[in-house]
There are 2 protein chains.
Amino acid sequence: MAALSSGSIGSLDPMSDRAVFRQIADRIREAIDRGTFREGDKLPSETELIEYFGVSRMTVRNALQLLQGEGLVVSEHGRGVYVRPRPPVRRLASDRFARRHREQGKSAFIVEADAAGSHPAVDSLEVKEERPAPEVATRLGSPHRVLARRRRYLLDGRPVEFATSYLPLDIARGTPIAQPNPGPGGIYARLEELGHRLDHFEEEIRVRMPSPQEVKVLQLAAGIPVIHLVRIAFDSDGRAVEVCDTIMAADAYVLSYRLPAT
Amino acid sequence: MAALSSGSIGSLDPMSDRAVFRQIADRIREAIDRGTFREGDKLPSETELIEYFGVSRMTVRNALQLLQGEGLVVSEHGRGVYVRPRPPVRRLASDRFARRHREQGKSAFIVEADAAGSHPAVDSLEVKEERPAPEVATRLGSPHRVLARRRRYLLDGRPVEFATSYLPLDIARGTPIAQPNPGPGGIYARLEELGHRLDHFEEEIRVRMPSPQEVKVLQLAAGIPVIHLVRIAFDSDGRAVEVCDTIMAADAYVLSYRLPAT
DNA sequence: GATCGCAACTCATCTAGACGACTAGGTGTT
DNA sequence: AACACCTAGTCGTCTAGATGAGTTGCGATC
């Protein structure tokens, strides 16, 4: 391992107050920042780091765990620890629901991903009627039951987003919206065809670490937060016609918004 | 510790493939979800968990570290491990830069926090001219130097946001904008007085785990991501007159946007 | 040539124990 | 009353080692 024999990771300061495992993490972090290790590169193995720094196994592992928690590296059982590669990001612009984007045959996700050169896919489709959670119910006028549309989006085989749309039954039941594939332009196009002219959307963004279930569904590595986005669609009567609850892998997205100055 | 003696944390399944420390974390997580432990409650000490589950210290610590990484608990040296209390959140609405909000004497941050019943504060004020980073320079028309305004915002004594505004010198130099306190309505009010009528803003949002430096400045607990928000202000000529780079403690914010359907 | 199996290397989990540092509360002194 | 000190309890750091499990490459076998 050249990075080790040449000493380019640096060495510890025995006088420092800083814990040894933090110093080791610092050295490795600096080496990554400096470009000594690049995206996808394998770090020295635990054994090599133990010998290089002259510390015990736990100390090295603590250092690596720290870096994992920062999302800087990922460890792969039986293979090694790697500098985390940055996945392609989806840019979500604030005009992404503009009517003019709704004219096409495919869903916005597919069109956009194709344009970006990625392989898009949608799976885990589920469409069913159910009892809404209180937050959803309140937004939709407290119906007893709603139509829930669940789906998971993948980019180049990697899950990036898990979304559930909730719609009142008086709007969605018996329409293409209640079908697994609602047709060209997605459910917003169908809503407008059904006479619910969309006026605007409200989005609320929260950010946190994922629950174990979210880690599983989105196959998240350690140190990757999730973006919890709740979007409400309003028609021209001011009625909320859809609530969309989305969990996104934070490293796969850049959200972009345009705000008026007035 | 009642939660232990009554067995309300649950027990391990020795047959399970799931690692013991994960099972312990699961049990504690369930107990928190169930309300057995509430916000701010102290968890059983490591020693108590060791005895309760019959495992070694490292195993218990691994479990607790897992929960810390999820942002569920915080450990306090010498005191114990506590269910993480949720701080008051700042809601940022998409009309927060509307002209009508700019008429008041105090800064938007102070007004808004006062209204929410929190104690706001701003510190770490720094205003100076410097060489812009490439991303900033590009946005502002590649000037050699820019005015940088740095400040840190606190809510009830806790740092929640660290922001830097960059402005071209031909706009800001020698104006109140170059003063530590730019006066009522903030720099956007001053920009408009100087004839730069603001037209709109563009915000870009990225989410990730904090760097060690960000952990220090924002005093972030383990398991708290940051929101990296970059806002660009455009005047009515389409010129970018300010770039504002902000790092926010993710648990202190809810971002809210209104999107047009057209 | 294809396949199987083994060995070497990797990280994952767990144990047992030691010492350090911080906190909180009580004790005793000033 | 204020202060210094001690002590028990807590988490933080580190060591040394054992065992398990996933990955990879190579050689032997078919």
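Lettering of chains follows the sequences in order, A, B, ..., and the numbering in each one begins at 1.
- Leu49(B) has its CG atom 14 Å from the C1' atom of dG9(D), to the nearest Å.
- When DNA chain C is scanned 5' to 3' for any atom under 4.0 Å from a heavy atom of chain A, the first and last hits are dT10(C) to dT13(C).
- Under the rule for a side chain to side chain contact (heavy atoms under 4.5 Å, CB included), the partners of Ser75(B) that lie at least two apart in sequence or sit in another chain are Gln68(B), Val81(B).
- Spacing between atom NZ of Lys42(B) and atom P of dG9(D) amounts to 12 Å, rounded to whole angstrom units.
- Here Arg18(B) pairs with Asp26(B) under the salt bridge (charged side-chain N to carboxylate O under 4.0 Å, His left out) rule; sequence neighbours left out.
- Regarding Asp17(A), its CG atom lies at a distance of 17 Å from the P atom of dG12(D), rounded to whole Å.
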Can you list the steps and then say if Thr36(A) with Ile9(A) is a side-chain contact (heavy atoms from CB on, under 4.5 Å)?
-> CA-CA 8 Å; Thr36(A) 302; Ile9(A) 294 188; 5.8 Å; no
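- For the side-chain hydrogen bond (donor to acceptor under 3.5 Å, both in side chains) test, residues two or more places apart in sequence or in another chain that qualify with Arg206(A) are Glu204(A).
- When heavy atoms are screened at a 4.0 angstrom cut-off, Arg22(B) is found touching the sugar-phosphate backbone but no base atom.
- With sequence neighbours excluded, the residues forming a side chain to side chain contact (heavy atoms under 4.5 Å, CB included) with Ala163(A) are Arg151(A), Tyr153(A), Glu161(A), Cys244(A), Thr246(A), listed by chain and number.
- The ring-ring contact (aromatic ring centres under 6.0 Å, His included) search around Tyr253(A) returns none, not counting sequence neighbours.
- Heavy-atom distances under 4.0 Å link DNA chain C to His77(B), Gly78(B), Arg79(B) of residues 74-81 of chain B, given in residue order.
- For Gly54(A) and Arg57(A), each mapped to the nucleotide of DNA chain D holding its nearest heavy atom, the one lying further toward the 5' end belongs to Gly54(A).
- Looking only at atom types and distance, the side chain of Asp245(B) has a donor-acceptor partner in the side chain of His228(B) under 3.5 Å away.
- For Met58(B) and dA18(D), the CE to P distance is 18 Å, given to the nearest whole Å.
- In this entry the distance linking CD of Glu46(A) with P of dT15(D) reads 14 Å, nearest Å.
- Checked against salt bridge (charged side-chain N to carboxylate O under 4.0 Å, His left out), Lys216(A) has no partners two or more places apart in sequence or in another chain.
- Checked against ring-ring contact (aromatic ring centres under 6.0 Å, His included), Tyr166(A) has no partners two or more places apart in sequence or in another chain.
- Atom P of nucleotide dA18(D) and atom CZ of Arg61(A) are separated by 18 Å, given to the nearest angstrom.
- As rounded to whole Å, 11 Å separates atom P of dG12(D) from atom CG of Asn62(A).
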